[in-house]
Colleague: 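Mind having a look at this structure? Questions to follow.
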Amino acid sequence: QVQLVESGGDSVQSGGSLRLSCVASRSTFNTYCMAWFRQVPGKEREGVAAVSTVGLTSYAESVEGRFTISRHNGTTLSLQMDSLKPEDTAMYYCAAVFGYKPLQQLLSSHQYNYWGRGTQVTVSA
């Protein structure tokens, strides 16, 4: 029902910055909860940042203060990543789910049913 396409991944030095974007095929504003997840091969998908239908945000402790999630219009979600560390290296995925979800659950991957194909972020020491 909604397709998601990520972009912006790159290879950067430790301490650098990147801005990821996720473009949806239809408006998600006020109707979908959206989030960024990341995954390293062989490990479970980790919730990074999420935004609810009413604009409340939630961040993983590991990225709080360094990453910022935001919606720019009805179809675009971004993740500003600053002070990047090698441990941030992963495939980053955009995710969405229709309707209300408790904010406390928005960093759990099983809450989402729409996913992008990912964009790779590599941070070198």
Colleague: Please report the shortest heavy-atom distance between A60 and G47, naming the atom on each side.
Modeller: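 Scanning both residues, the minimum pair turns out to be CB-O, 3.3 Å.
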Colleague: With distance as the sole test, does T53 use its side chain to make a donor-acceptor pair with the main-chain N or O of N30 at under 3.5 Å?
Modeller: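 The answer is no, because no donor-acceptor pair under 3.5 Å joins these two groups.
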Colleague: Which ILVMFWY residues can you reach from F29 by hopping between side chains whose heavy atoms are under 4.5 Å apart?
Modeller: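 None, because no other hydrophobic side chain comes under 4.5 Å of this residue.
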Colleague: Please list all pairs passing the side chain to side chain donor-acceptor pair (under 3.5 Å) test where one or both residues lie in residues 3-12, with sequence neighbours left out.
Modeller: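 Of all non-adjacent pairs touching residues 3-12, those that pass side chain to side chain donor-acceptor pair (under 3.5 Å) are Q3-S25.
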Colleague: Taking disulfide bond (SG atoms under 2.5 Å apart) as the cut-off, I'd like each qualifying pair that reaches into residues 96-125, sequence neighbours left out, listed once.
Modeller: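 Output for this query is empty, none listed.
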Colleague: Identify every side-chain donor-acceptor pair in residues 103-111 under 3.5 Å, counting partners at least two apart or on other chains, and give the distances.
Modeller:
unit_1, atom_1, unit_2, atom_2, d
Q105, OE1, Q111, NE2, 3.0

Colleague: For C22, which residues count as a disulfide (SG to SG under 2.5 Å) partner, sequence neighbours excluded?
Modeller: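 Expected list: C94.
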Colleague: So, using side chain to side chain donor-acceptor pair (under 3.5 Å) as the criterion, who are the partners of S78 when residues are at least two apart?
Modeller: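 Residues passing side chain to side chain donor-acceptor pair (under 3.5 Å) with S78: R19, S70, H72.
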Colleague: Please name all residues satisfying side chain to side chain donor-acceptor pair (under 3.5 Å) with T76, sequence neighbours left out, ordered by chain then number.
Modeller: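 Result, side chain to side chain donor-acceptor pair (under 3.5 Å) vs T76: N73.
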Colleague: Only counting residues at least two apart or in another chain, list the ones meeting side chain to side chain donor-acceptor pair (under 3.5 Å) with N113.
Modeller: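 Scan of N113 (side chain to side chain donor-acceptor pair (under 3.5 Å), adjacent residues dropped) gives none.
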Colleague: Looking only at heavy atoms, which two atoms of G116 and Y93 are closest? And how far apart?
Modeller: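 Result for this residue pair: O-CD2, 3.5 Å.
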Colleague: Cut-off 3.5 Å, side chains only: do S17 and D82 have a donor facing an acceptor?
Modeller: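 Result is yes, a qualifying pair exists.
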Colleague: Would you name the heavy atoms of C33 and G99 that are closest together and state the gap between them?
Modeller: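 Looking at all heavy atoms of both residues, the shortest contact is SG-O, 3.4 Å.
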Colleague: Which pair of heavy atoms, one from G8 and one from T119, lies closest together, and at what distance?
Modeller: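 Where G8 meets T119 most closely, the heavy atoms are N-OG1, 4.0 Å.
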Colleague: Linking directly or through intermediates, with side-chain heavy atoms under 4.5 Å: list the remaining ILVMFWY members grouped with L84, chain and number order.
Modeller: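 V2, L4, V12, L18, L20, Y32, M34, W36, V48, V51, Y59, V63, F67, I69, L77, L79, M81, Y92, F98, Y114, V121, V123, which link up through side-chain heavy atoms under 4.5 Å apart, make up the rest of the cluster.
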Colleague: Sequence neighbours left out, what passes salt bridge (Lys or Arg N to Asp or Glu O under 4.0 Å) with E46? Give chain and number order.
Modeller: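 E46 satisfies salt bridge (Lys or Arg N to Asp or Glu O under 4.0 Å) with R38 only.
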Colleague: To the nearest 0.5 angstrom, please state how far the CE atom of M91 sits from the CD atom of Q39.
Modeller: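 It is 9.5 Å, given to the nearest 0.5 Å.
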Colleague: Under the disulfide bond (SG atoms under 2.5 Å apart) definition, can you give me all pairs with a residue in residues 95-125, not counting sequence neighbours?
Modeller: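 Checked against disulfide bond (SG atoms under 2.5 Å apart) - neighbours excluded - no pair reaches residues 95-125.
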Colleague: Taking side chain to side chain donor-acceptor pair (under 3.5 Å) as the test, write out the residues that go with S83, two or more places apart.
Modeller: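 With neighbours one apart ignored, the set is empty.
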